[in-house]
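Labels below follow one simple rule: chain letters A, B, ... track the order of the sequence lines, proteins then strands, and each chain is numbered from 1. Reckoned from all heavy atoms, side chains included, excluding hydrogens, waters and symmetry mates.
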Amino acid sequence: MSTLTFARAINAGLRKSLESDPKVVLMGEDIGTLGGVFRVTDGLQKDFGTHRVVDTPLAESGIIGTAVGLAYRGYRPVCEIQFDGFIYPAFDQIVSQVAKMHYRTQGRVKMPITIRVPFGGGIGSPEHHSESPEAYFTHTSGLRVISVSNPQDAYTMIQQAIASDDPVLYFEPKRRYHDKGEVDETAELATALSMEKARVVNTGSDATLVAYGPLVKTARDAALAAADEGISVEVIDLRSLAPIDFPTVEASVRKTGRLVITHEAAQSGGLGAEIAASITERCFNYLEAAPVRITGFDVPYPYSKLEMHHLPDLDRILDGVDRALGRRNSLSGLEG
Amino acid sequence: MSTLTFARAINAGLRKSLESDPKVVLMGEDIGTLGGVFRVTDGLQKDFGTHRVVDTPLAESGIIGTAVGLAYRGYRPVCEIQFDGFIYPAFDQIVSQVAKMHYRTQGRVKMPITIRVPFGGGIGSPEHHSESPEAYFTHTSGLRVISVSNPQDAYTMIQQAIASDDPVLYFEPKRRYHDKGEVDETAELATALSMEKARVVNTGSDATLVAYGPLVKTARDAALAAADEGISVEVIDLRSLAPIDFPTVEASVRKTGRLVITHEAAQSGGLGAEIAASITERCFNYLEAAPVRITGFDVPYPYSKLEMHHLPDLDRILDGVDRALGRRNSLSGLEG
Amino acid sequence: MLTDEVGKGATSASRPAYSADNPLRSGGSLIQLITPRGERISHPEFDVWVKDVSDEQLGSLYEDMTVIRRIDAEATALQRQGELALWPPLLGQEASQIGSSRALREDDFVFPSYRESGVAYVRGAELAEIAKVWRGNASYGWDPQRIKLATPQIIIGSQSLHATGYAMGIQHDGADSVVMAYFGDGATSEGDVSEAMVFAASFQAPVVFFCQNNHWAISEPVRLQSHVQIADRPNGFGIPSMRVDGNDVLAVLAATRVALDRARKGGGPTFIEAVTYRMGPHTTADDPTRYRDPNELEDWAAKDPIARLKALLDSKGLLTEQLEAKVQAKADAVAAEFRAGCIDMPDPAPLDVFNHVYSTPNSWIERQKDHYSRYLESFSGSAEEGAL
Amino acid sequence: MLTDEVGKGATSASRPAYSADNPLRSGGSLIQLITPRGERISHPEFDVWVKDVSDEQLGSLYEDMTVIRRIDAEATALQRQGELALWPPLLGQEASQIGSSRALREDDFVFPSYRESGVAYVRGAELAEIAKVWRGNASYGWDPQRIKLATPQIIIGSQSLHATGYAMGIQHDGADSVVMAYFGDGATSEGDVSEAMVFAASFQAPVVFFCQNNHWAISEPVRLQSHVQIADRPNGFGIPSMRVDGNDVLAVLAATRVALDRARKGGGPTFIEAVTYRMGPHTTADDPTRYRDPNELEDWAAKDPIARLKALLDSKGLLTEQLEAKVQAKADAVAAEFRAGCIDMPDPAPLDVFNHVYSTPNSWIERQKDHYSRYLESFSGSAEEGAL
Ligand SMILES: Cc1ncc(C[n+]2csc(CCOP(=O)(O)OP(=O)(O)O)c2C)c(N)n1
Ligand SMILES: Cc1ncc(C[n+]2csc(CCOP(=O)(O)OP(=O)(O)O)c2C)c(N)n1
Ligand SMILES: [Mg+2]
Ligand SMILES: [Mg+2]
């Protein structure tokens, strides 16, 4: 066990993948000499060379498009998109090529591409640096989408993503990069929890609280706070956003009868909608109340002086738990 | 009243907008001399000149990006994206510029851009010609998204979209282009139903069936077929996809207690999820059963010999209505 | 069936490295070795690159061009008969497609657009495989890894980046294969094609950008995409280019060999503009009379690539009855095989819609597949039980 | 405050139209009018374009450059003190920014990237407005329509298309204004910049692409984006270009005037590569010692744009104590105003988060705003009622 920051844990996972498979190639803007603007790839170019850790020209469609060609040739490209808001120039290559190639060729051509995306807000950045674009990709058939919430998962799941023969979007909660955690670097991939599986990170009986990425920590804090009030909240870290491990969520909701979902992305059309809809379909008769969504608002990510209002925090989540439980909450008295 | 095909109705609406506002400019690939691959802009360049109906170079990001500049200058660009699957190269300009400019400048710069997108399947086309990308845009704050289901709305709503000071994605159901309908070309915009409003196109009492674009016709046919079996289905044509007119849907569901939603787009993260989640939030206590989604599958749009399996049709919708009503259906006996 | 000496990409270390005044361009003029009237004219730089082409090989180029024109005609007919959903004709572009693809080695890799059925034929695609996509029976026909030819690409320009990435992989492997990317004149406007040039130049990747300037992008004339010659475009990216008569199979062969040779030797990317003409509609769904002056077509008919080679063969006394008969027989056989392969193609099974979205099991897909199969069964059930 | 004769974009119909051997390029060499040591050297073509620049105006250019360097230093300090969230320094690029923006007319429109705070100053942005975005108090500072300067653009290259579109609008209006698009060397790799050149060339739009090649894109040296000169890139799109010493304010002024004049007269787009150097970090969050040889910085310090102009002024006897005092006073005042404007800026109100997403009421936003205001009220409620 070693104590690593989130960023170092990803770095260690990348290193392990580079070591174990010569076909793994890292590519992106400023990932080489600089080691990435968040230092996630720090030292890797020095140790593995400029051919395996490639500083690319400044063009995101170019990064993903050439990764497609490299995958065609048998490589496993790991692409870094510098910030969430810079993934859109590559959207066409991701949606029309990366996601569809395996289906298009009926399995003849695999796309084992990992796309690393530092995402989410809370770091006081200017526009386009705090987005949560995951729902665009979870709605895109052919992609796998995961998000990690702690250094151990970060370490393990980056390796699982790279080892996957399917394309994986790997969303890194950038505001947690400096958080530290215990990481077992000797853990075997073979025995690790499948990256398709969610994890119950806090057991509880009164309500189910679903989160992923940066908000897992907030959700756990909220559960602790709720416990002080005598409310027992079960917290689930989704880990996989596409596909979502609904059986795990379902089992929890069958037990609690109440569901709260939280994410930073805008509410309308966000992952919360899919979770609410699917869980309602799967266990309607167990639900005591409508699923509650505590999310970012339907606004472009606001400038940093306002971001704390946009981002779900402990209090807003607790307010949502109260709503799910039919306790007094900010919307009490409103119809619906 | 005149009888017009869907395509001609849009053409008439575009003509009206070109006539009434000199700032309206049409731009796109092959929209001039050719009149568009679907002939929607037929004759407009001849009548309004190459400056107002502009054949652009073959570059979608370029089309939308220059439209942003034109909007900055006070123009109202109407951009045609030739087929749904070709909108992704413009995704960055749409999501990071068109959608965010008004918020970015706190109202100083308006983006009265209309983006016309022929969308959906059912016409036997090769890859990338049958997509339903609307959920990417309904999840994007700052955009308005509408879809039309009949020539009269097509005629009126294209003018409303162009007149709107907000950017509007206008989704045209391409497989309905040749359908004919009565169009009142003298109808005043001022008195027309707001483009934010849904419309009940078939009243009923047993279940609410929500559709938009190409599937409104299918939904109405399904309601007719259901009526033969003694089931009264209320059909709602959403018209506006962002924002969705939830009060209209809510009122219907309060009456029927059952909700079925249908769209061609993939199920996971599609509009159906948002509708199911929002209606469950808004009228949980009125719901007799979980909302049912009858949609495209979570697969890339399949090649044309398989598309009839992917696309919701009358029978699948009826099966969904049966499910919502707790009648015998294809999933009877399955838990959940 | 299609590899011969030409197909084996004969290159020669003894040939002079390509050079010109402007190191990035072979000058503004068109590289031509056969005039429109079929005269073989000499070219100081490029002759040497086709010196090895024997009379027999000339005949074989003629055969290939004739055969792919016949495939094109057959496919167009099949589309009219409702057997194909759509077809993008290559009529007029035979020299560009045959001249370029015959220069390739087997281990080279090709990323085509949608119009390169002639290239597919040369690469060894089966005829039914070529028909498959356009019938709507799949989004791919041939196995890309088997014949080293990617599936048809519909998103304009997209494949130029894939080609560049593949070439980066070749470089990484230390191999001397080359990648060829085909795209049209219209494609040059897409950002992806420019980005591909940036990457290719930056990494000096062994990729050849082969642009068939057929003068039209659906209804848009090439001047809407560029006022200057397309072959000028790559120079500003640091990529050398050639502008070749795309209706002259020998010139195309020579230019492509130059480019491939440079790439194989570590000289990096080259851009070739093949100046040709789309004699047919954009696709069978298109009506070019709406936007095209019929005189233009006439002008280009006079530069027909097959007629020109035929005239050359004739002038050399090679257009024997025997050759004509052989070529005709081959074309007939291929057309018949294409038709049969198309018509006899089995339809996919309904549940195929769910297959191969992912390479490993996926819970969402499994569930939907299960539900849909129950749904399909409910019909047979209803037949038996008399109630839905 | 900032318009003078130079600012009014003095152009002259009597000046010779720009020309050169290669109609698209002013030759490969750098346009320079002031050497790094401050000597005014003559240039056969460009001298005439700055003939009108009086001694006083030279002083005013010096003042502007000094002032924006001071703004830059003050902003960097404010960031270190936690008053700004981030700052992208312009240190070293003063001549490029002042020389180019002072050539503009008031009715011209500018689309900047994020680093053009000097341009914003010249266009008439208030100092607090410049600070606003980087403090995190808004995504815009100045009103774009008032000073005809778009908001800072963070998506690399994106604004090049906006500029081109705006220029198409000018053309459509029959006006003779011109649009200026600023972007960096790194930006040239983005597809959008290439597409902007395609559109600008195709429509002959009155737009000037002003690329500040400051040699770095964060940690990436310019050679990763291009092996050849950036000024070569546009030629292949049919756009003429100039390569100018970006640390020479007169040369930049001259080249920009040439480009603006051409555009105004219907001559279409021009691309200017201003060769300069980012002397500071990419932003205050960056640490260039991780990737940059300190010698490089030294080399460029010897070419400092302000030192150079100062030396010229000195050699002309214009660097009087009076001028120095005036410039110093101005810089001090501006820095103080910048600081005060930054620190005194009122914070936004919580519910502002919902404002101006749309220009007309939107039911989704209204509902969320209502819910969130109830939520906020629930806290004051809890304070009163003692229970949440
Ligand atoms: C991204 C994208 N935009 C638009 C289209 C529609 N489209 C199909 S072919 C074509 C013209 C292409 O012209 P060119 O590149 O010259 O190739 P050609 O068809 O002449 O072979 C267009 C606009 C597309 N397939 N993809
Ligand atoms: C689309 C996009 N990709 C990546 C970034 C991250 N980024 C910000 S500045 C920058 C370098 C830009 O370099 P250059 O164009 O030379 O401008 P400079 O910073 O030197 O002024 C990068 C990569 C971004 N803002 N937008
Ligand atoms: Mg073409
Ligand atoms: Mg730079």
Check each atom of [X] against the heavy atoms of chain A and say whether the ones under 4.5 Å are side chain, backbone, both or neither.
X	result
T138(B)	backbone
E60(B)	neither
F86(B)	neither
S61(B)	neither
V299(B)	both
E288(B)	backbone
L287(B)	both

Aromatic plane relationship, Y136(B) with F91(A) - under 30° parallel, 30 to 60° tilted, over 60° perpendicular: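 If you compare the ring of F91(A) with that of Y136(B), the planes turn out perpendicular.
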Which atom names give the shortest non-hydrogen contact between [X] and [Y], and what distance separates them?
X	Y	answer
S268(B)	H139(A)	O-ND1, 2.7 Å
T280(B)	P291(A)	CG2-CD, 3.9 Å
A273(B)	E274(A)	CB-OE1, 3.5 Å

Residue part contacting chain B, namely of I244(A), when any heavy atom lies under 4.5 Å: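 I244(A) has no heavy atom closer than 4.5 Å to chain B.
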Beyond-backbone contact of R104(B) with P300(A), side-chain heavy atoms, under 4.5 angstrom: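 R104(B) vs P300(A): side chains apart.
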I'd like to verify something: which residue of [options] has the highest number of heavy-atom pairs under 4.5 Å with chain B?
options	value
R293(A), H128(A), K100(A)	R293(A)
A289(A), P302(A), A265(A)	A289(A)
A276(A), P133(A), S278(A), P89(A)	P89(A)

Gap between atom OG of S141(B) and atom CD of Q267(A) - 0.5 Å precision: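 One finds 10.5 Å between CD of Q267(A) and OG of S141(B).
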Y301(B) OH to Y103(A) OH distance, which is reported to the nearest 0.5 Å: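 Reported to 0.5 Å precision, the distance equals 10.0 Å.
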Salt-bridge contact E281(B)-R323(A) (side-chain N to carboxylate O under 4.0 Å):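 Between R323(A) and E281(B) there is no salt bridge, as every charged N stays at least 4.0 Å from the carboxylate O atoms.
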